[in-house]
Amino acid sequence: DTTGDFKLSLLSFVRKLSESNPQIDRDLGWTANSDPCRDRWRGIACNKNLNSVKSIVIESLQLDGSIDGNLLSQVCNSSSLAVLSIKDNALEGGVPPEIGACSGLTHVYLADNRLSGSIPSSLPNLKNLKRLDISNNKFSGELPWNMSAISGLMTFLAGDNNLTGRIPNFALNGFDKFDVSFNQFSGPVPQDSEKFPISSFAGNPGLCGKPLEECRSPDLLLPPPPLPPPPTTNPKSSKISTKEVFMVIGYVLFGIVVVFLVFIFLKKRKKNKHSGELSEKVSSEISRRSAIPSHSEYSISSSAHSIAGVSTSLVVLRKDKIRELKFEELLRAPAELLGKGRFGSLYKVVIYGCAELAVKRIKDWTVSGEEFQKKIMRMDQARHPNVLPVTAFYCSKQEKLVVYEFQKNGSLFKLLHDNKEGRPLSWASRLNVAAGVSAGLAFMQRSLAVSSSAAGHGNLKSSNILFSSSMEPLISEYGLTALPTHRHQPNSDKASVAAAGEPFSTSADSYAFGIILLELLTGRPSHGFNLAQWVHSVVREEWTVEVFDRSLLGDSDIAQESMVRLLQVALQCMDSSPEVRPSMAQVAGTIAVMKEEERSVDGKA
Ligand SMILES: Nc1ncnc2c1ncn2[C@@H]1O[C@H](COP(=O)(O)OP(=O)(O)OP(=O)(O)O)[C@@H](O)[C@H]1O
């Protein structure tokens with residue numbers, strides 16, 4: 001039924017999903033006087049007879065409302081809804097228990113939202129469910145234990161949440177996709193888990209069993225060990241019966257056979273180890289200890305990559321920082337989620353109880369493993385004191401991780417815009433940041449231009465400028481997003497994206513650097529506030545001094561002169577024609593001279 005009440009329920013359902021845009025229904029072309037099926041409402045698919053809605057797919061629309069349980073059950077009751085996809089929005093709140101009434105659902109995609117609370121216990125009522133993706137949300141609590149009773153389930157993706165407790169005993173041999181990584185699950189993984197890569201379970205320090213390490217704690221072993229006969233005070237039972245004697249003999253003989261078989265197996269394996277190829281070594285190594293050997297043993301480009309689709313190495317580029325670190329150790333170390341950006345999630349990971357790392361888990365990168373490795377290696381060859389080097393990286397078909405050293409002093413964004421206790425940055429420090437960042441960018445662009453057409457940073461912004469222990473600026477994540485295959489634009493500020501031009505070009509870096517200069521000069525964030533437009537309008541009115549951060553205005557006349565000069569540089573960097581923008585080499589030269597002049601004036605003073 002696509003008429004009357006159903007239509008109203010559908011319209012109200014989508015309006016509830018979109019809190020800040022009450023006109024979402026109209027934007028989608030959903031109107032009360034048209035028909036969802038015959039008039040082909042955007043995101044709606046119907047059955048052949050065009051009298052019942054089969055699927056609702058409203059993805060990536062920045063919907064920021066919530067899922068209304070009543071409306072959802074009304075929609076389900078008068079349709080044959082099989083597919084519900086509302087992924088990649090900004091939805092909040094929980095999954096309502098009423099979802100259990102939508103018994104026709106086969107595909108449910110809720111990933112990449114801000115949904116929270118626990119998964120309702122009614123979810124296992126969806127007996128027809130085949131694919132469920134709830135990853136990258138804020139779900140917490142335990143999964144309903146009887147989720148494993150959904151017999152046709154083939155995909156369960158729940159990575160990047162805060163789910164706890166044991167993983168239900170899913171029959172994984174029937175699954176083609178399974179991921180519970182980066183939650184707080186504990187206890188043994190379900191049977192047949194080894195068919196999935198370690199990365200499907202990573203980031204859950206309490207999980208054990210293949211493909212992770214064996215479960216050590218006796219209460220985690222499955223099945224439980226047989227109980228000894230209960231102690232009894234009956235004197236008769238202290239006598240051993242003939243039946244019991246036979247049982248003991250049976251156990252002993254069984255034990256001898258097992259030991260003999262293990263001996264034969266080990267001998268055979270030893271022989272293979274000497275004569276086998278690298279691939280055999282790796283696969284036996286994987287199955288033997290489920291551990292991930294280091295780069296020196298097996299590199300990504302070796303056959304290790306093709307075995308069971310798992311790359312077996314964490315490539316450590318800076319051995320002075322984390323010698324001999326294994327991928328498995330990294331996965332098992334305590335991790336704290338620092339942020340979820342457009343290009344992936346960032347975790348702070350503590351290894352060996354002391355070394356702090358920042359691990360970027362790259363989202364949705366379609367680049368091949370080889371290309372990824374080449375790119376990182378190329379970056380690594382161009383080292384500059386103002387560019388944070390990659391400490392290590394890991395790459396498999398399913399997972400791409402880039403590891404940096406964690407910088408305790410935080411980012412430029414934090415220092416400028418979220419600096420609650422500290423003093424505001426002085427003009428000299430701001431000029432030092434401008435000089436360091438421009439020098440680092442100029443160097444990287446020059447070094448990479450030889451081998452790549454995309455030599456720019458690709459995602460330059462104040463949260464990607466970090467401070468070293470000596471408060472020197474460090475450009476982070478250089479080139480991580482700068483690949484021609486990447487689908488997204490690098491900057492989240494749409495106005496800037498449009499203005500900056502070709503995303504991974506060096507002229508886009510010039511534009512982004514201009515924004516950073518404006519942040520340094522005005523003390524205002526660019527996010528959610530069109531900084532460039534505001535500065536332009538103030539400068540046009542010749543109130544130039546008005547744009548500067550008030551905390552800088554007490555500085556000397558010389559400092560104020562150099563602020564005005566830096567403002568001019570910023571505006572040139574942001575010229576609407578990319579070809580007119582100065583190169584980073586020119587900008588770095590100008591700022592270095594300014595810094596030198598200030599230093600000599602300070603020296604004289
Ligand atoms: N190596 C590091 N050490 C310390 N803090 C870091 C490090 N790398 C990033 N951060 C900080 O962690 C937070 C989250 O980083 P993340 O990269 O997820 O955010 P983002 O820059 O907004 O996203 P994206 O780079 O994907 O656009 C940011 O505040 C960033 O400044």
Side-chain angles (χ1 to χ4, degrees), residues 88 90 112 114 136 138 159-160 182 203 317-318 321-322 330 333-351 354-365 367 376 379-380 383 385-393 400-420 422 425 433 437 440 456-483 486-494 496-497 500 503-504 508-509 512-513 515-516 519-520 525-528:
D88 195 18
D112 302 316
R114 296 181 199 141
N136 202 12
K138 298 177 183 168
D160 289 303
F182 295 96
L317 296 170
R318 306 208 56 203
K321 300 292 173 197
I322 46 165
L330 183 70
E336 176 195 342
L337 181 67
L338 291 184
K340 286 182 183 183
R342 295 198 64 165
F343 302 113
S345 309
L346 190 91
Y347 296 86
K348 179 180 172 184
V349 176
V350 182
I351 51 161
C354 57
E356 294 179 328
L357 303 174
V359 180
K360 186 94 181 184
R361 190 178 182 210
I362 292 170
K363 180 168 110 180
D364 193 25
W365 217 9
V367 62
I376 302 272
M379 297 291 160
D380 190 52
R383 288 194 183 176
N386 293 109
V387 179
L388 184 67
V390 171
T391 302
F393 70 93
K400 289 181 182 69
L401 304 177
V402 182
V403 182
Y404 295 97
E405 233 187 304
F406 182 79
Q407 303 300 321
K408 281 199 183 78
N409 286 330
S411 68
L412 177 64
F413 182 92
K414 196 146 186 258
L415 221 64
L416 282 176
H417 314 306
D418 188 19
N419 184 7
K420 289 184 189 93
L425 269 183
V433 171
V437 173
H457 181 289
N459 190 22
L460 190 65
K461 54 186 177 176
S462 54
S463 64
N464 278 340
I465 309 291
L466 306 171
F467 286 99
S468 70
S469 51
S470 55
M471 287 309 280
E472 280 303 310
L474 292 170
I475 304 165
S476 157
E477 300 190 2
Y478 200 104
L480 272 203
T481 54
L483 271 169
H486 209 288
R487 288 189 275 118
H488 296 302
Q489 292 271 20
N491 212 316
S492 53
D493 174 352
K494 281 192 184 138
S496 307
V497 170
F504 308 115
D509 274 2
F513 181 71
I515 298 261
I516 290 177
E519 289 185 57
L520 285 167
S526 73
H527 190 71

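None of these values were measured; they are calculated from a predicted model. Whatever order the structure lists ligands and atoms in, that order sets their numbers, starting from 1.
With a 4.5 Å cut-off on side-chain heavy atoms, Leu401 and Ile362 do not count as touching.
When atom types are taken as modelled, the side chain of Asp160 and the backbone of Phe182 share no donor-acceptor pair closer than 3.5 angstrom.
Comparing Lys461, Glu477, Gln407 against atom 3 (N) of ligand 1, the shortest heavy-atom distance belongs to Gln407. Remark: among candidates Tyr347, Phe406, Tyr404, Phe467, the nearest residue to atom 4 (C) of ligand 1 is Phe406, based on non-hydrogen atoms.
Under 4.0 angstrom from ligand 1, the non-hydrogen atoms of Ser411 all belong to its side chain. Residue-level proximity to ligand 1 for Lys414 is absent, since no heavy atom of it falls below 4.0 angstrom.
Residue contact annotation: Lys348 has no non-hydrogen atom under 4.0 Å from ligand 1. Using a non-hydrogen distance threshold of 4.0 Å, Lys408 does not register as a contact of ligand 1. Distances shorter than 4.0 angstrom do not occur between any heavy atom of Glu356 and any atom of ligand 1.
Judged as a side-chain hydrogen bond (donor to acceptor under 3.5 Å, both in side chains), and not counting sequence neighbours, Ser411 has no contacts. Taking the side-chain hydrogen bond (donor to acceptor under 3.5 Å, both in side chains) definition, one finds that Asn464 meets it with nothing, sequence neighbours left out.
Close contacts between ligand 1 and Ala358 involve ligand atoms 1 (N), 2 (C) [criterion: under 4.0 Å to a heavy atom].
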